[in-house]
Each structure stands twice: as structure tokens, then as C-alpha cells.
Amino acid sequence: MALPAVGAAMLEIENVSAAYGPVRALDGVNLNVGMGEIVTLIGANGAGKTTLLMTICGRPSAKAGRIKLKGQDITALPTHRIAALGVAHAPEGRHIFARMSVRENLQLGATLAAPANFARNLDRVLTLFPRLAERIDQRGGTLSGGEQQMVAIGRALMAEPDLLLLDEPSLGLAPLVVRQIFAAIGQINRERGTSILLVEQNAHHALALAHRGYVLVAGEIALEGKAADLAVNPQVRDAYLGG
Ligand SMILES: Nc1ncnc2c1ncn2[C@@H]1O[C@H](COP(=O)(O)OP(=O)(O)OP(=O)(O)O)[C@@H](O)[C@H]1O
Ligand SMILES: [Mg+2]
């Protein structure tokens with residue numbers, strides 16, 4: 001993987017539209033993630049957040065517009081090629097394998113990384129989430145929701161991504177676990193310089209962690225700005241921060 005130029009964008013989404021058959025889910029979306037940046041995308045149920053992450057990964061592919069990764073056009077590439085270029089996705093609902101152990105689930109994320117890096121990458125994930133080290137041979141299906149989320153993020157990290165896509169990592173988790181997960185996301189960004197696009201309904205935590213944010217309403221970007229500015233924006237406060 002060639003090193004990108006300093007100051008270049010990690011991800012550039014230009015005028016992207018996407019649809020499921022006749023159902024339009026994204027309409028002319030513009031969004032950027034800079035190198036080493038955490039960007040959050042907030043929005044209500046059905047706004048199109050998951051669709052945007054999936055469109056970055058090529059399924060569904062964008063109907064219009066362009067998506068670039070480190071300057072390279074990835075709009076029409078198949079998902080496995082996009083992953084090989086350095087994008088990893090921890091999907092909504094986690095989708096870990098219930099009958100496989102924590103170790104096996106993490107191994108599945110490692111297929112794109114150099115085999116020589118496996119032990120080091122596993123060690124880094126288990127240092128980030130010590131709870132997983134304690135449960136390394138436990139089956140995925142018997143883990144708590146928070147532990148499953150740690151596996152989903154850990155599995156994505158095993159691919160050594162440049163861009164990490166996280167879809168509602170806090171969904172359904174207790175406040176203490178939410179804080180642990182958000183702390184880990186911040187740590188990944190600081191220690192590895194990984195660029196992160198974080199989809200969240202928990203706008204409070206997401207805006208506290210991210211550098212910048214976007215608000216998606218019915219498939220269109222309604223607002224964007226520095227996270228600190230969005231956190232005090234009256235529209236955002238009313239709609240996403242409980243007033
Ligand atoms: N596979 C699909 N087939 C048809 N329509 C779909 C499909 N997936 C999503 N949609 C529709 O696309 C729109 C956007 O859905 P999406 O899942 O992207 O929203 P979201 O912002 O992630 O919502 P949530 O916060 O509930 O996860 C919705 O109207 C949804 O019904
Ligand atoms: Mg979603």
C-alpha cells in the first residue's frame with residue numbers, strides 16, 4: 001500500500017446517490033474524511049447512515065457521484081478490492097460468528113493483512129480490549145453485547161485498515177460499556193493514526209469524540225461542521241441531543 005501524500009484526504013464522497021430498487025436512500029451526499037481524522041455521521045433511524053457506509057464498501061454501489069480513497073476512484077470497485085485498499089467495516093448489529101471462538105472471529109479479520117503481522121495485530125487488539133484476552137476461547141454467541149462489539153471492532157482492526165467504518169458501535173449497550181467503546185475508538189485513532197468514520201445515534205458521545213461531523217436527514221446532508229460547533233448547534237441539540 002503506497003503512502004498517501006501528507007494533507008491528502010483519506011475519503012472523498014462527491015455527490016453520491018444510492019438506491020434499493022425504486023427506494024432512494026442517498027441523494028447527492030458530499031462528505032470527506034481527512035488523514036487521521038475522526039468524522040461522525042449522525043442521523044435518525046432510516047436517514048441512510050448504514051447505506052452510506054455500505055456504499056463506501058461497494059454494496060450497493062453508488063448510482064451517481066464518485067467515491068475516492070487516498071485519491072483513488074473506488075466507486076465501481078467490488079467490495080473485496082475496496083477492503084484490500086485499506087477499508088474495514090464493523091457493521092451495524094456486529095455480525096460476529098456465534099459458533100466460532102473470539103480467536104477465530106479475530107482470525108477472520110486478518111485474511112487481508114500480512115501473515116507475519118498476525119501475532120502483533122492480535123496482541124494489539126487484546127491490549128486494546130483486555131476483556132477479549134480473558135475470553136479468547138469463548139464462543140461469540142455467548143459473549144455480552146459489549147464484548148461482541150469489541151470483537152466486531154477488533155476483527156476490523158486485524159485487517160490493519162487505514163479507514164475504519166463503524167456503524168452504531170454503542171447501540172444497545174449500557175452507559176459504562178459505551179464509554180469503554182468510545183475510549184477505545186479514540187485510542188485507535190491516536191495510537192495508529194487510523195481515520196475513522198463513525199455512524200452514531202448517540203450524538204452526545206460521538207460529537208465529544210469526533211473532530212468533525214455531518215448530520216444526515218432523509219438521505220441528504222443537512223448540516224456539517226466541527227464537532228464542537230455541532231454539539232452546541234440548536235438544531236442538533238433539539239433533534240439529536242434531547243434539547
Ligand atoms: N436492503 C434494503 N432494501 C430496501 N430498502 C432498504 C434496504 N436497506 C435500507 N433500506 C431503506 O433505505 C433507507 C435508509 O436505511 P439505512 O439502513 O441506511 O438507515 P440508517 O440511517 O442506517 O437507519 P438506522 O439508524 O435505523 O440504522 C430506509 O428507508 C430503509 O428502509
Ligand atoms: Mg443503520
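Numbers here simply count residues along the sequence, with the first being 1. Just follow the structure's listing: the first ligand is 1, and inside any ligand the first atom is 1.
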Just distance, no hydrogens or angles: give the donor-acceptor pairs under 3.5 Å from side chains in residues 113-125, sequence neighbours left out.
| unit_1 | atom_1 | unit_2 | atom_2 | d |
| --- | --- | --- | --- | --- |
| Asn117 | ND2 | Glu160 | OE2 | 2.9 |
| Asn121 | ND2 | Asn117 | O | 3.4 |
| Asn121 | ND2 | Glu160 | OE2 | 2.7 |

Is it possible for you to say whether Leu41 and Ile196 belong to one hydrophobic cluster, with membership spreading through side-chain heavy-atom contacts below 4.5 Å?
no
What are the protein N, O or S atoms, given as residue plus atom name, that sit under 2.8 Å from the Mg ion (ligand 2)?
Thr50 OG1, Glu92 OE1
List, one per line, each side-chain donor-acceptor pair under 3.5 Å for residues 164-183, sequence neighbours excluded.
| unit_1 | atom_1 | unit_2 | atom_2 | d |
| --- | --- | --- | --- | --- |
| Asp167 | OD2 | Thr50 | OG1 | 2.7 |
| Glu168 | OE2 | Gln201 | NE2 | 3.4 |
| Ser170 | OG | Glu200 | OE1 | 2.9 |
| Ser170 | OG | Glu200 | OE2 | 3.1 |

Any chance the side chains of Gln149 and Arg94 put a donor and an acceptor closer than 3.5 Å?
yes
Can you name the residues that come within less than 4.0 Å of ligand 1, going by heavy atoms only?
Tyr20, Ala25, Ala44, Asn45, Gly46, Ala47, Gly48, Lys49, Thr50, Thr51, Glu92, Glu168, Gln201
Where the side chain of Lys49 meets the backbone of Ala44, is there a donor-acceptor pair that is under 3.5 Å apart?
yes
Can you confirm whether Asp137 sits close enough to Arg103 that some side-chain heavy atom of one is under 4.5 Å from a side-chain heavy atom of the other?
yes
Can you tell if the side chain of Leu132 reaches within under 4.5 Å of the side chain of Val102, non-hydrogen atoms only?
yes
Can you tell me how far apart CD1 (Ile82) and CG (Leu163) are? Round to the nearest 0.5 Å.
11.0 Å
Within a reach of under 6.0 Å around CD of Gln235, are more than 12 heavy atoms found that belong to other residues, nucleotides or ligands?
no
